[in-house]
Amino acid sequence: MASYSIELTRTAEKQLRRVAKQARVRLVGAIQSLARAPRPRGARKLQGYDAAYRIRVGRYRVIYEVFDDRVVVIVLKVGHRKDIYG
């Protein structure tokens, strides 16, 4: 199986920069692991989207889309669980 490439939206990059360093390290690791397994155990498909999923990383969430035909994972949002869905 081919490794997926990871792309971050400008919004996701800004959100990731605002996260505390300790949590950011964990989030970056989780995002990088999506290249090997874009739908890891515990990932939830978001309702109302064709290819959007979310993973939990402690109190933070990563919302992303998987495009199997292009072998790409695009990270849409990164943030605290209380703020991410709004």
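Below, all heavy atoms of this structure are taken into account, side chains as well, without hydrogens, waters or symmetry copies.
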How long is the straight-line distance from [atom2] of [Y] back to [atom1] of [X], given to the nearest 0.5 Å?
X: Leu46; Y: Tyr64; atom1: CG; atom2: OH; answer: 9.0 Å
X: Arg36; Y: Ile6; atom1: CZ; atom2: CD1; answer: 9.5 Å
X: Glu7; Y: Glu13; atom1: CD; atom2: CD; answer: 10.5 Å

Heavy atoms only: give me the nearest Val75-Ala12 pair and the separation to one decimal. O-CB, 3.6 Å
Just so I know, are the side chains of Leu76 and Thr11 near enough to count as touching, which here means a heavy-atom distance under 4.5 Å? no
So do Tyr4 and Val71 actually touch side chain to side chain, heavy atoms under 4.5 Å? yes
Acceptor/donor pairs from residues 18-34 side chains to any protein atom, 3.5 angstrom cut, sequence neighbours excluded:
residue	atom	partner	partner atom	Å
Arg24	NE	Leu16	O	3.4
Arg24	NE	Val19	O	3.4
Arg24	NH2	Val19	O	3.0
Ser33	OG	Ala30	O	2.7

Solution key, residues 51-61 side-chain donor-acceptor pairs under 3.5 Å, sequence neighbours excluded:
residue	atom	partner	partner atom	Å
Tyr53	OH	Arg39	NE	3.1
Arg54	NH1	Tyr85	OH	3.4
Arg61	NH1	Gly58	O	3.1

Any donor and acceptor pair, going by atom type alone, linking the side chain of Gln15 with main-chain N or O of Val78 inside 3.5 Å?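 Between the backbone of Val78 and the side chain of Gln15 there is a qualifying donor-acceptor contact (under 3.5 Å).
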Not counting sequence neighbours, list each pair that qualifies as a salt bridge (Lys or Arg N to Asp or Glu O under 4.0 Å) and has a residue in residues 43-53.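 For residues 43-53: none.
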